[in-house]
Amino acid sequence: MRRLFIVTFLIPPILLYGLFVVSPYAQAFQIAGTNWSGLSPTFEFVGLDNFRRLLGDGYFWNALSHNGLLLVILPVVTILLGLFFASMITVHGVRGAGLYRVVFFFPQVLSVAIIGVLWKEMYAPHTGMINGLLRGVGLDGLAMAWLGDPRFAFWCVLTVLIWMNVGFYVVLFSAAMQAIPRELYEAAALDGADRLTTLVRITVPLLWDTIQVAWVYLAIIAIDGFAIVQILTDGGPSSSSDVVGLRLYKTAFGDGQFGYASAIGVAMFFLTLTVAAMFLQVTRRERVEL
């Protein structure tokens, strides 16, 4: 009976997963060793030439540097904001906590395409809400073409990534905080602990497993960043907001170099695995029991 259950319910999903997930990954490794254009029925095996080319590709390293900045800033800022807002809503009992949860979570019900279009309109130089607000309060000199300025385009994209992700972690951390006994906070208050001390000494240690998972997911988002960057800036101006995912897409579908693009994909695959393993190792600590 047990074998019948395994055959009936486990083997078909595993086969489907292998066909639609594992197989494309394996094909990417194969294509990375060729000069396939993506349309031609013929191609040549070039060995590791694509990876050697990758080491000297300035566009790739420029895009990778932007992913590196995202990797450093996005998880830190998002988790800190998530913990702060969740603590205010759940632990300290701000009025209208339910409404705040809905407001914070709202970006999660929107697709990335909608978020990108909305923020692109907000950043618009003449009709955008941001410049409109600046002009409305008499700060006309600060109004600018935000996405058209190489100094600010990347930071505008980073702001959107933080905005669209922080709400999910506010709700996630809020749910985790509700499992912490109120007696711990009451005892801390009697001992004279302020809100920051309570957050650092009680909340963070008890939520560490959740924070660790959040860190890994945000790191993966930072290594990708393709969709929102393509919609907002398409990597411009002058590649000032380019990321590796967008560089892969343009190399494959813009330049017709699927072999080289696959090499970029393989590099991203190992980079993501390395970063995830590193984050798990660095943030690993003993579980704090209640």
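If you read the sequence from its start, that first residue is 1, and numbering goes on from there.
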Separation of [Y] [atom2] from [X] [atom1] (nearest 0.5 Å):
X	Y	atom1	atom2	value
Ile11	Leu16	CD1	CG	12.0 Å
Leu83	Ser174	CG	OG	9.5 Å
Leu147	Lys120	CG	NZ	7.5 Å
Ile162	Leu80	CD1	CG	10.0 Å
Thr159	Met164	OG1	CE	13.0 Å
Met177	Ser87	CE	OG	5.0 Å

Original post:
Between Leu184 and Leu206, is a side-chain contact (heavy atoms from CB on, under 4.5 Å) present by the stated rule, with each step listed?
Top reply: CA-CA 11 Å; Leu184 294 177; Leu206 293 176; 3.8 Å; yes
Indicate yes or no: at least one non-hydrogen side-chain atom of [X] is less than 4.5 angstrom from one of [Y].
X	Y	value
Phe105	Val170	no
Leu271	Asn67	no
Thr203	Phe173	no
Val109	Phe106	yes
Thr251	Phe60	no
Ile180	Leu207	yes
Trp215	Thr78	no
Glu44	Thr34	no

Looking only at heavy atoms, what is the nearest atom pair of [X] and [Y], with distance?
X	Y	result
Ser262	Ile31	OG-CG2, 3.3 Å
Val160	Leu232	CG2-CD1, 3.9 Å
Leu248	Met268	CD1-SD, 4.2 Å
Asn50	Ala263	CB-CB, 3.7 Å
Ala276	Val216	CB-CG1, 4.1 Å
Asp149	Pro237	C-CG, 3.9 Å

Subject >> Distance flag, aromatic centroids of Phe152 and Phe154, threshold under 6.0 Å >> reply: no
Just by modelled atom types, is the [Y] backbone N or O under 3.5 Å from a matching donor or acceptor in the [X] side chain?
X	Y	answer
Asp234	Gly236	no
Trp208	Gln212	no
Ser23	Phe20	no
His66	Ser240	yes

Original post:
Does Lys250 come within less than 4.0 Å of Asp242, counting only side-chain N to carboxylate O?
Top reply: no
Quick check on the hydrophobic clustering: are [X] and [Y] connected, directly or via other members, by side-chain heavy-atom contacts under 4.5 Å?
X	Y	value
Val102	Trp163	no
Leu71	Leu273	no
Leu110	Tyr169	yes
Phe168	Ile73	yes
Val244	Val266	no

Angle between ring planes, [X] versus [Y], binned at 30° and 60°: parallel, tilted or perpendicular?
X	Y	result
Tyr25	Phe269	tilted
Trp119	Tyr123	tilted
Phe104	Phe85	tilted
Phe226	Tyr249	tilted

**OP:** Applying side chain to side chain contact (heavy atoms under 4.5 Å, CB included), name anything that partners Tyr59, two or more places apart in sequence or on another chain.
**Re:** Asp57, Ser239, Arg247
**OP:** Test Leu70 against Leu161 for side-chain contact (heavy atoms from CB on, under 4.5 Å), laying out the working first.
**Re:** CA-CA 9 Å; Leu70 290 177; Leu161 283 169; 3.9 Å; yes
**OP:** Could you please spell out the steps behind the ring pair (Phe, Tyr, Trp, His ring centres under 6.0 Å) verdict for Phe258 and Tyr260?
**Re:** CA-CA 6 Å; Phe258 272 71; Tyr260 184 50; over 10 Å; no
Could you tell me whether [X] atom [atom1] has more than 12 heavy atoms of other residues or ligands within 6.0 Å of it?
X	atom1	answer
Phe51	CZ	yes
Arg201	CZ	no
Met278	CE	yes

Subject >> Residue pair Leu134, Asn131: steps toward the side-chain contact (heavy atoms from CB on, under 4.5 Å) verdict >> reply: CA-CA 5 Å; Leu134 291 173; Asn131 283 341; 4.0 Å; yes
